[in-house]
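Quick notes on the structure that follows.
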Number of protein chains: 2
Amino acid sequence: MYTESIEDYLKAIYEIQKEHAKVSTNSLSEKLNVAPASVTSMIKKLSEKKLVTHKRYQGVKLTKAGQKISLEIIRHHRLIELYLAEALGVPWDQVHEEAEKWEHVLSEDLEDRMDAVLGYPTRDPHGAPIPSRDGTIAELDSIPLADLRSGQSAVVAEVSDHDPDLLRYVGKMGLYPKAKFKVLSIEPFNGPIKIKVDGSEHVLGSGAAQYVFVTEVKGSTTGAT
Amino acid sequence: MYTESIEDYLKAIYEIQKEHAKVSTNSLSEKLNVAPASVTSMIKKLSEKKLVTHKRYQGVKLTKAGQKISLEIIRHHRLIELYLAEALGVPWDQVHEEAEKWEHVLSEDLEDRMDAVLGYPTRDPHGAPIPSRDGTIAELDSIPLADLRSGQSAVVAEVSDHDPDLLRYVGKMGLYPKAKFKVLSIEPFNGPIKIKVDGSEHVLGSGAAQYVFVTEVKGSTTGAT
DNA sequence: TATCATTTTTAGATGAGTCTAAATTCTATT
DNA sequence: AATAGAATTTAGACTCATCTAAAAATGATA
Ligand SMILES: [Mn+2]
Ligand SMILES: [Mn+2]
Ligand SMILES: [Mn+2]
Ligand SMILES: [Mn+2]
């Protein structure tokens, strides 16, 4: 077993790696809210444990072993989020914080029981894929809502779960995973985006639209307004 | 918020205090599996934080503040144990270990939700009372099964939950909380105890019988064998 | 290509919790 | 009352994860 701190570092490295190829000391420092010097010293430790490879000044990369642990913790995290939402009615903007702690003390037995009770789910409440026990994960390729054009229809695939305010904000518009919506208009220069979800219209700032990931619904790329 | 370690010390002090009036350094050392010297240094810290009072060489006692936290953690622990047993089917000999970790990271909100889902229970799976939110607890006065005499009938009130082997052992005989049984015979000199539970007979060592707490059922103190 | 701002690492310190070994205090028994 | 044995505390060290301040390496740009 690894410490909570090590597990959080590995998880953070995985998440940054998914988007940026280069996982820098600074990016970890920001994501984990620790000083860059602290990251360096933890990197040294992870490297000694063969959980990451590290070229000085060049960032880190997970080893196979590191990725395995990382996905194990992410599985815990997302199963817990879903369990809290489904079984105990915890709102989707609060599940992350709870899971962030619980994920480190969940036994394999309980993990299996929750998985079974939930019917072996594949997505967490924010639409993120749940890695399987053996460390497989189906990352989906979706695009930010902000990249859509006027007239396009799309389905929400995933919403970033790190900011509860954001979740409440987009939740109020009904932008949950699997929600279908249509872009009515997009103002230029990162202006507001008007959308129609489930019959009602909403306006959404481009900031938020960066963090809502969608897949386009084909055969609907026509007319604007 | 206090550290996991502090919470575990407070809990241990509460539990020892319940039985022994004097909470010694050594008793804590044994219960928590740490060296006596470690206990002393932690006692110093707890004392500075006004969570315990301490006379050198004379043991510790919880302050009001210390007891409040202690009961808060015990509430977490027991609610979690019951939740795991009821909602997820975790066997009663495994819930303790899981709760020992989870208790420290449970939010008040989730505590309330679990409490509600369980219907505001008053006993954990081992029969121990669950403290209320405001720190009230109904300690029951029961006696060890080992103290019964031949012919007496009694009801299981509580079983010590610290040894999974013990729980499996007495569980096999049906000695769960609320189970009614009759003592058929007790061999002298801490000999084995023959009991009848739910129609079937079992023999139980006096060691185990020390850890099963019962309340006598009146009007049945007659004839032996 | 030399310079400089940015990034990363090193150096050294801190706090929490633990340990072992040694000193101290208590207490039960002579 | 003296003393031996047990319990407790002190002293000093260690690991883990963090910090700040200073040094070193990188790489963009003038
Ligand atoms: Mn975490
Ligand atoms: Mn999530
Ligand atoms: Mn605990
Ligand atoms: Mn219990």
Side-chain angles (χ1 to χ4, degrees), chain A residues 1-14 16-17 19-62 66 69-70 73 100-101 103-105, chain B residues 1-17 19-62 65-66 69-70 73 100-101 103-105:
Chain A
M1 261 301 96
Y2 294 94
T3 63
E4 168 165 344
S5 193
I6 285 179
E7 292 182 345
D8 278 338
Y9 271 89
L10 292 175
K11 195 153 62 93
I13 292 168
Y14 181 92
I16 296 169
Q17 206 169 71
E19 319 237 284
H20 288 92
K22 192 132 285 178
V23 180
S24 68
T25 298
N26 266 1
S27 62
L28 283 166
S29 163
E30 274 179 40
K31 178 154 234 174
L32 294 167
N33 273 298
V34 295
S38 309
V39 173
T40 298
S41 87
M42 179 57 92
I43 283 175
K44 197 171 298 173
K45 187 181 304 174
L46 296 177
S47 185
E48 276 158 15
K49 291 185 191 298
K50 310 278 190 198
L51 298 172
V52 303
T53 53
H54 181 225
K55 276 176 291 183
R56 284 186 58 192
Y57 292 95
Q58 301 300 329
V60 292
K61 192 168 176 308
L62 290 172
I69 296 161
S70 171
I73 302 303
E100 198 55 53
K101 286 304 194 170
E103 63 190 1
H104 306 289
V105 298
Chain B
M1 262 301 94
Y2 294 94
T3 63
E4 168 165 344
S5 192
I6 285 180
E7 291 181 346
D8 279 338
Y9 271 89
L10 292 174
K11 196 153 61 92
I13 293 168
Y14 181 92
E15 279 160 13
I16 295 169
Q17 206 167 71
E19 318 237 285
H20 289 90
K22 192 133 286 176
V23 180
S24 68
T25 298
N26 265 1
S27 63
L28 283 167
S29 162
E30 273 179 41
K31 176 154 237 176
L32 294 167
N33 272 298
V34 293
S38 309
V39 173
T40 298
S41 87
M42 179 57 92
I43 283 174
K44 199 171 296 172
K45 187 182 301 174
L46 296 177
S47 185
E48 277 160 14
K49 291 185 190 298
K50 310 276 191 202
L51 298 172
V52 302
T53 54
H54 180 227
K55 276 176 291 184
R56 284 186 55 184
Y57 292 93
Q58 301 300 330
V60 293
K61 192 172 179 304
L62 289 172
I69 295 162
S70 171
I73 303 302
E100 198 56 52
K101 286 306 196 168
E103 64 190 0
H104 306 289
V105 298

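Just so it is clear: chains get the letters A, B, ... in the order the sequence lines come, proteins before strands, and each one is counted from 1.
Spacing between atom CD of A/Glu7 and atom C1' of D/dA17 amounts to 15 Å, rounded to whole angstrom units. Spacing between atom CG of B/Asn26 and atom P of C/dT25 amounts to 18 Å, rounded to whole angstrom units. Look at CG on A/Leu46: it is 9 Å from P on D/dA17, rounded to the nearest Å. Summarising the geometry, the separation between NZ on A/Lys44 and C1' on D/dT15 is reported as 16 Å, rounded to the nearest angstrom. If you take CD1 of A/Ile6 and C1' of D/dT18, they are 14 Å apart, rounded to a whole angstrom. For B/Leu10 and C/dG17, the CG to C1' distance is 15 Å, given to the nearest whole Å. Atom P of nucleotide D/dT9 and atom CD1 of B/Ile43 are separated by 6 Å, given to the nearest angstrom. In this structure, B/Tyr57 places its OH atom 4 Å from C1' of C/dT25, rounding to the nearest Å.
Across all strands, A/Ser38 comes closer than 4.0 Å to base atoms (heavy-atom distances). Using a 4.0 Å heavy-atom cutoff across all strands shown, A/Tyr2 reaches no nucleic acid atom at all. Among the atoms of the strands shown, base atoms are found under 4.0 Å from some heavy atom of B/Thr40. Across all strands shown, A/Thr3 has heavy atoms under 4.0 Å from sugar-phosphate atoms exclusively, and none from any base.
Along DNA chain D, the nucleotide closest to A/Gln58 and the one closest to A/Val34 are compared, and the more 5′ of them pairs with A/Val34. Of the residues near DNA chain D, A/Lys49 and B/His54, the one whose nearest nucleotide (by heavy atom distance) lies more toward the 5' end is B/His54.
In this structure, B/Ile73 and B/Leu10 have side chains that are not in contact, with every pair of non-hydrogen atoms separated by 4.5 Å or more. Side-chain contact check for A/Tyr9 versus A/Val34: some heavy-atom pair is nearer than 4.5 Å. Contact annotation: the side chain of A/Met42 approaches that of A/Ile6 to within less than 4.5 Å [non-hydrogen atoms, C-beta and beyond].
The A/Thr25 side chain lies nearest to C/dT8 when the options are D/dC19, C/dT8, C/dT10.
Across all their heavy atoms, B/Lys49 and B/Tyr2 have their closest contact at CD-CE2, 4.0 Å.
For the pair B/Lys45 and C/dA16, the criterion of a side-chain N or O lying under 4.0 Å from OP1 or OP2 is not met. For B/Ser41 and D/dT9, the shortest distance from a side-chain N or O to OP1 or OP2 is not below 4.0 Å. A sub-4.0 Å separation between OP1 or OP2 of D/dT18 and a side-chain N or O of A/Ser5 is present. Contact between the side-chain N/O atoms of A/Tyr9 and the OP1/OP2 oxygens of D/dC16 is not found at any separation under 4.0 Å.
If you take CG on A/Leu32 and CD1 on A/Ile16, they are separated by 7.0 Å, rounding to the nearest 0.5 Å.
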